[in-house]
J.: 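Let me give you the structure first, and then I'll get to my questions.
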Protein chains: 2
Amino acid sequence: MSGVRAQQKQKTRQALIEAAFNQLSAEHSFSNLSLREVAREAGIAPTSFYRHFKDMNELGLTMVDEAGLTLRQLMRQARRRIASGGSVIITSVETFMEFIDTSSNQFRLLLRERSGTSKAFRAAVAREIKHFILELAHYLESETPCDKQHAYMQAEAMVTLVFNAGAEALDQDAQQRTELTERLIWQLRYIARGANHYGS
Amino acid sequence: MSGVRAQQKQKTRQALIEAAFNQLSAEHSFSNLSLREVAREAGIAPTSFYRHFKDMNELGLTMVDEAGLTLRQLMRQARRRIASGGSVIITSVETFMEFIDTSSNQFRLLLRERSGTSKAFRAAVAREIKHFILELAHYLESETPCDKQHAYMQAEAMVTLVFNAGAEALDQDAQQRTELTERLIWQLRYIARGANHYGS
DNA sequence: TATTTTAGCGTACAAGTGTACGCTGAAATT
DNA sequence: AATTTCAGCGTACACTTGTACGCTAAAATA
């Protein structure tokens, strides 16, 4: 029972999501999107939108989930690179910058909705970020001499810096990005150093 | 030549700015504001808006300037408190949290437009923040054993963390804020420690 | 095969938007 | 006192928006 019909429905649903992501850009945020424009780009009538989502909010939350998923997948891949002998800090930063480069619209969504006008959105993004922090904290706790409390605070600070550097990178050219990344790595070292000092 | 007329003009101009700030909130961002609503709240006809600003963008940039000014004034006051014997980190953080509490809409504007859809806005906010970083870097360079490069990176990291903590605080109650502030202070200590280690 | 379900469409409407244009009365200037 | 300037207003217009409602044809089910 593959369901020719259900299959087609899934397809246009995905078309809506992709249309919405496509319309995100440096000068177009999610709250600027209109249901009609998204439907138009997806190739369906405005009213058909409702066959898939209750409203734009619901679409948006789905998009946040999808962006979070992409990010998590990318980071799992980073962990593999680390396991086969890369520096933790450098590999993680590189992977994150890759995410910003190849999925900038997904990153923009997370970035903006983190401080957007919908509490549900903010909570959803915060959840994705917390995921990240917890994973990193777990790693730091087991691999460095740092107690649980400090490992968490360390991870939180690191993720904040990386995320913010990503935001800045969006507006920069290659040259500036290199400098930014270099600074970021130093800053992460500060935190690692300080946390290990206080947390043991 | 006080100018009864120029005086009145200045007054309604300010009314527009304040009306706009008033309409900002957790669930209403600048890009959601409409010229008509702002004009209505300021008590003038929509078309009169143009006597004061070319468009909403121009209003917004003025607002960013104003928010930046408020922040700078508050921080100058913090420096006075520090000079008369307070801890640098704690006093600064407290002052910043005060800003978020008493001028949350001004903070929201900076926070959101930092990653908003207008390059001019993003640049304006970045400028305000850079101001901050440079001041702190200068202080760190002269008061701690840290070379110029590292003082800057240290300052940048600290401001990023403080600003981000402010953003999180917006959605939190008193209890959570206390915890957040405590974590933040630890994180700033990490950075201070690490920077002093690497930068001397 | 007969019936039900449903993705997608077209029409229609009320509400809100930015802004062009020309007027008015009072302040400023001559 | 005569003239110019200009903040603020009202009208008007062309758009865009979300969404209610009922239809259709094809897939799913009975």
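As the structure is a computational prediction, the values presented were derived from the model and not from experiment. Each chain gets a letter, A, B and so on, in the order the sequences are listed, and its residues count up from 1.
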J.: State which residues pass ring pair (Phe, Tyr, Trp, His ring centres under 6.0 Å) with A/Tyr152; sequence neighbours excluded, sorted by chain then number.
T.: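 Testing A/Tyr152 for ring pair (Phe, Tyr, Trp, His ring centres under 6.0 Å), a comparison that skips the adjacent residues, returns none.
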J.: In whole angstrom, give the distance that lies between atom CD of B/Gln8 and atom P of C/dA28.
T.: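 B/Gln8 atom CD is separated from C/dA28 atom P by 11 Å.
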J.: For residues 42-55 of chain B, which residue pairs pass the side-chain hydrogen bond (donor to acceptor under 3.5 Å, both in side chains) check, not counting sequence neighbours?
T.: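 Sorted result for residues 42-55 of chain B: B/Thr12-B/His52.
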J.: Would you kindly give the CD-to-P distance between A/Glu58 and D/dT19, to the nearest whole Å?
T.: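 Distance, rounded to whole Å: 12 Å.
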J.: At under 4.0 Å between heavy atoms, which parts of nucleotides 16-24 of chain C does protein reach? Answer with one letter per nucleotide, 5' to 3': B base, S sugar-phosphate only, - none.
T.: -SBBBB---
J.: Is the closest basic N to carboxylate O distance between B/Arg72 and B/Glu135 below 4.0 Å?
T.: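 B/Glu135 and B/Arg72: not salt-bridged.
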J.: Of the candidate nucleotides C/dG8, D/dT5, D/dC9, which contains the atom at the shortest distance from the side chain of B/Arg5?
T.: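 That would be D/dT5.
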J.: For A/Phe99, which residues count as a ring pair (Phe, Tyr, Trp, His ring centres under 6.0 Å) partner, sequence neighbours excluded?
T.: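 Listed in chain order: nothing, the list is empty.
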J.: Scan for salt bridge (charged side-chain N to carboxylate O under 4.0 Å, His left out) pairs involving residues 159-175 of chain A, sequence neighbours excluded, and state none if there are none.
T.: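 Pairs touching residues 159-175 of chain A that pass the test: A/Asp171-B/Arg122.
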J.: Quick one: A/Gln7 CD to C/dG8 P, roughly how many Å, whole number?
T.: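 Interatomic distance, CD of A/Gln7 to P of C/dG8: 13 Å.
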J.: Between atom CD in B/Gln10 and atom C1' in D/dC6, what is the gap in whole Å?
T.: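 Taking atom C1' of D/dC6 as the reference, CD of B/Gln10 is at 16 Å.
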J.: Tell me, please, which residues at least two apart from A/Phe107 pass ring pair (Phe, Tyr, Trp, His ring centres under 6.0 Å).
T.: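 Ring pair (Phe, Tyr, Trp, His ring centres under 6.0 Å) check on A/Phe107 returns A/Phe96, A/Phe163.
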J.: Please give me every residue in residues 11-21 of chain B whose heavy atoms get under 4.0 Å of an atom in DNA chain D, ordered by residue number.
T.: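 By residue number: B/Thr12.
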J.: Round to a whole Å and report the spacing from CZ of A/Phe49 to C1' of C/dC9.
T.: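 Distance check: A/Phe49 CZ to C/dC9 C1' gives 16 Å.
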J.: Sort and list the pairs that fulfil salt bridge (charged side-chain N to carboxylate O under 4.0 Å, His left out) and have at least one residue in residues 176-185 of chain B, not counting sequence neighbours.
T.: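 Residue pairs passing salt bridge (charged side-chain N to carboxylate O under 4.0 Å, His left out), neighbours aside: A/Glu156-B/Arg183, B/Asp101-B/Arg177.
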J.: Going by the rule ring pair (Phe, Tyr, Trp, His ring centres under 6.0 Å), which residues pair with B/Phe53 if we only count those two or more places apart in sequence or in a different chain?
T.: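 Residues passing ring pair (Phe, Tyr, Trp, His ring centres under 6.0 Å) with B/Phe53: B/Phe49.
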J.: Return the value, rounded to whole Å, for the distance between atom CG of B/Asn32 and atom C1' of D/dT17.
T.: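 After rounding, the reported distance stands at 14 Å.
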